[in-house]
Asker: 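Okay, handing you the structure first.
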Number of protein chains: 2
Amino acid sequence: MEAKKILLVEDDPNFGAILKDYLIINDFDVTLAKNGMEGFEKFKKDTFDLCILDVMMPYKDGYTLAREIREKNQEVPIIFLTAKTLKEDVLKGYKVGADDYLNKPFDSEVLLMKIKAIIQRKATEVKPDNNKFEFIIGSFHLNSKLRFLSFNGQEPVKLSPKECELLKMLALHENDLMPRELALTKIWRDDNYFTSRSMDVYIAKLRKYLKQDENVEILNIHGEGFRLVIKK
Amino acid sequence: MEAKKILLVEDDPNFGAILKDYLIINDFDVTLAKNGMEGFEKFKKDTFDLCILDVMMPYKDGYTLAREIREKNQEVPIIFLTAKTLKEDVLKGYKVGADDYLNKPFDSEVLLMKIKAIIQRKATEVKPDNNKFEFIIGSFHLNSKLRFLSFNGQEPVKLSPKECELLKMLALHENDLMPRELALTKIWRDDNYFTSRSMDVYIAKLRKYLKQDENVEILNIHGEGFRLVIKK
DNA sequence: GCTAATGTTAATGTTTGGTTAATGTTGCTT
DNA sequence: AAGCAACATTAACCAAACATTAACATTAGC
């Protein structure tokens, strides 16, 4: 098997180097960055199977970096390293979409188990074509990378991140059920009464945009989800 | 959203009860077992979205239970709770196929985040789709995913969740007895006088829909159940 | 003919969704 | 630091969809 690529962002040079070597010995392909800024640059230039981020870093902390990474890529697993054991930090990490959390000092073998478990998990997941970013929706054209939605080739409207992700998810299930739960867990990363209401607000916004083309419609399937119908 | 089912196996009755209540408050459907034996019995009798196992338990410890659970089900996520913080234990847990690991005392909010993260992860995984959702019933066509029923390819009618599930269950027993009890326990999740009457109301509704095709009929088998007859 | 089960319709109760506006939040600009 | 702009969440209100219960009629089976 091809060596898995890990992005390691750690500002302590000693600890960073040791951890990097340890991971290399265990057959990973490791890229080390010594701060959030550099970490993000390296992230953009390559494709990684996993990111290990130190939380406490100068200039740009691990959470901020994680948020930036998540904007570019919703899939890549993220593990946080932290010396602090504050509850708030852990919760913050999970909200940003962490896959796991490790307190320093930690046992290297435990880290290794976690890495393997996470990579294994990702391997078994079937990817719902995530690189696709251009969609034809009736007479609309959606570019989910630039977050542009244009009608009949006219001047495009800019969509907010949530609007865009939701429309994309609907488009990926064109004419089929897009379960509420799926959008909530994937886009909102939480599933409760309020996020659900928030989603409804976004559905209303999308309907407003899509009103221009009467062959395009978002239908509700009561209690289940929504369905983007495109009449031909 | 349907409440997620959690199997909680914890031998300390006080701690178990508190944790159970906490999870219930947070909208989970919790089954508490007070030892490994009982835990396994309950596991076999129901379908859970998550198992939380105490490691230290009399008769049957958490690892042994986890191994048994894994034999029956490779999918269900498992979280271990342990007072010990020994590396060996953690590794042992991961080997048995744990999804996460928590040291007592732990913060309840952290546990909650972990539970959410894990359940969310499962939601994203694509399940082996073995459930049929398209049925031909005489000149009707039922799509139980979109909850559509169309007659002779005409514009489909929308069915309510209960209507749809009931018709699907009848269709699965086409020309054969569909026992009352089956529908009541599977669809209504309860079997008493009122749910039974409710079901009769739904049978009436379905009959109204199916009236269009005189070759299709729902017959009653007194005291037993119903039978969806399709004359050819 | 009597009783329990079923058929049917309508009323009542409950949950979910549609929509608009107010309120938070965050990062950026001046 | 104040204020702005963009976005997201929460609130509030209403409507629609759905489910249950009630009430009364009918039927099966003894």
Side-chain angles (χ1 to χ4, degrees), chain A residues 36 59-61 63-68 70-71 92 95-97 147-149 157-167 170 177-181 183-184 187-211 217-228, chain B residues 1-3 27 146-149 157-167 170 177-181 183-184 186-211 217-228:
Chain A
Y59 307 122
K60 188 184 285 182
D61 71 19
Y63 302 124
T64 313
L65 176 57
R67 222 175 286 120
E68 289 177 354
R70 272 281 168 270
E71 254 184 51
K92 198 168 167 189
K95 270 200 188 119
V96 180
R147 300 211 312 261
F148 275 171
L149 179 67
V157 193
K158 217 171 164 343
L159 298 181
S160 89
K162 286 255 152 72
E163 287 170 352
C164 185
E165 284 189 84
L166 185 56
L167 183 53
L170 284 164
L177 170 68
M178 196 254 347
R180 269 193 112 81
E181 214 192 335
L184 290 173
I187 301 176
W188 273 264
R189 304 194 144 271
D190 194 7
D191 181 349
N192 61 44
Y193 173 75
F194 289 112
T195 50
S196 199
R197 301 308 286 131
S198 183
M199 172 170 166
D200 289 334
V201 171
Y202 276 89
I203 289 287
K205 290 180 188 190
L206 291 181
R207 283 192 174 127
K208 210 169 279 177
Y209 289 129
L210 299 178
K211 209 158 43 184
E217 215 177 344
I218 298 177
L219 296 185
N220 174 255
I221 298 178
H222 201 93
E224 297 290 332
F226 293 92
R227 188 174 158 224
L228 178 66
Chain B
M1 182 199 47
E2 188 92 339
D27 295 323
L146 300 177
R147 297 212 313 258
F148 271 176
L149 179 68
V157 192
K158 284 215 256 176
L159 299 182
S160 90
K162 286 254 152 73
E163 288 169 352
C164 187
E165 284 189 86
L166 186 56
L167 183 53
L170 285 164
L177 170 68
M178 195 243 6
R180 269 194 110 80
E181 211 198 334
L184 290 173
K186 286 267 182 193
I187 302 176
W188 273 264
R189 288 160 191 287
D190 194 6
D191 183 349
N192 62 45
Y193 173 75
F194 288 112
T195 50
S196 197
R197 293 321 331 269
S198 184
M199 172 169 165
D200 289 334
V201 171
Y202 276 91
I203 290 286
K205 290 181 188 191
L206 290 182
R207 283 192 175 127
K208 207 172 283 179
Y209 290 129
L210 299 177
K211 211 159 40 187
E217 216 176 346
I218 298 177
L219 297 184
N220 174 255
I221 298 174
H222 202 88
E224 298 291 332
F226 295 92
R227 190 173 152 227
L228 177 66

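Below, all heavy atoms of this structure are taken into account, side chains as well, without hydrogens, waters or symmetry copies. Throughout, a chain's letter reflects where its sequence line sits, starting with A, and its residues are numbered from 1.
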Asker: Which part of the nucleic acid, if any, lies within reach of A:Ser160 when heavy atoms closer than 4.0 Å are counted: base, sugar-phosphate only, or nothing?
Answerer: sugar-phosphate
Asker: Below 3.5 Å between N/O atoms, which protein atoms pair up with nucleotides 22-29 of chain D? Just atom names and distances, please.
Answerer:
none

Asker: Within this structure, what is the CG-CG distance for the pair B:Leu228 and B:Leu167, rounded to the nearest 0.5 Å?
Answerer: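 Answer for the CG-CG pair, B:Leu228 versus B:Leu167, is 7.0 Å.
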Asker: Mind checking side chain to side chain donor-acceptor pair (under 3.5 Å) for B:Ser160 and listing every partner two or more places apart, or none if nothing turns up?
Answerer: none
Asker: Please list, pair by pair, any protein nitrogen or oxygen found under 3.5 Å from a nitrogen or oxygen in nucleotides 22-28 of chain C.
Answerer:
none

Asker: Quick one: which of C:dT20, D:dC7, C:dG17 gets closest to the side chain of A:Pro161?
Answerer: D:dC7
Asker: Could I get the full list of side chain to side chain donor-acceptor pair (under 3.5 Å) partners for B:Asp191, not counting sequence neighbours?
Answerer: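 For B:Asp191 there are no side chain to side chain donor-acceptor pair (under 3.5 Å) partners, ignoring immediate neighbours.
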Asker: List in chain and number order the residues that pass side-chain contact (heavy atoms from CB on, under 4.5 Å) with B:Glu165, two or more places apart in sequence or in another chain; answer none if no residue qualifies.
Answerer: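 B:Glu165: side-chain contact (heavy atoms from CB on, under 4.5 Å) contacts with B:Ile187.
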Asker: Restricting to salt bridge (Lys or Arg N to Asp or Glu O under 4.0 Å), what partner residues turn up for B:Glu217, sequence neighbours left out?
Answerer: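 Partners of B:Glu217 under the salt bridge (Lys or Arg N to Asp or Glu O under 4.0 Å) test: B:Lys231.
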Asker: Please identify each residue that fulfils side chain to side chain donor-acceptor pair (under 3.5 Å) with B:Glu181, with sequence neighbours left out.
Answerer: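 Counting only residues at least two positions away or on another chain, B:Glu181 forms no side chain to side chain donor-acceptor pair (under 3.5 Å).
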Asker: Which residues satisfy the salt bridge (Lys or Arg N to Asp or Glu O under 4.0 Å) test with B:Arg197, sequence neighbours excluded?
Answerer: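 For B:Arg197, the residues satisfying salt bridge (Lys or Arg N to Asp or Glu O under 4.0 Å) (neighbours in sequence not counted) are B:Asp200.
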Asker: Under the rule for side chain to side chain donor-acceptor pair (under 3.5 Å), what residues qualify as partners of A:Tyr202, not counting sequence neighbours?
Answerer: none
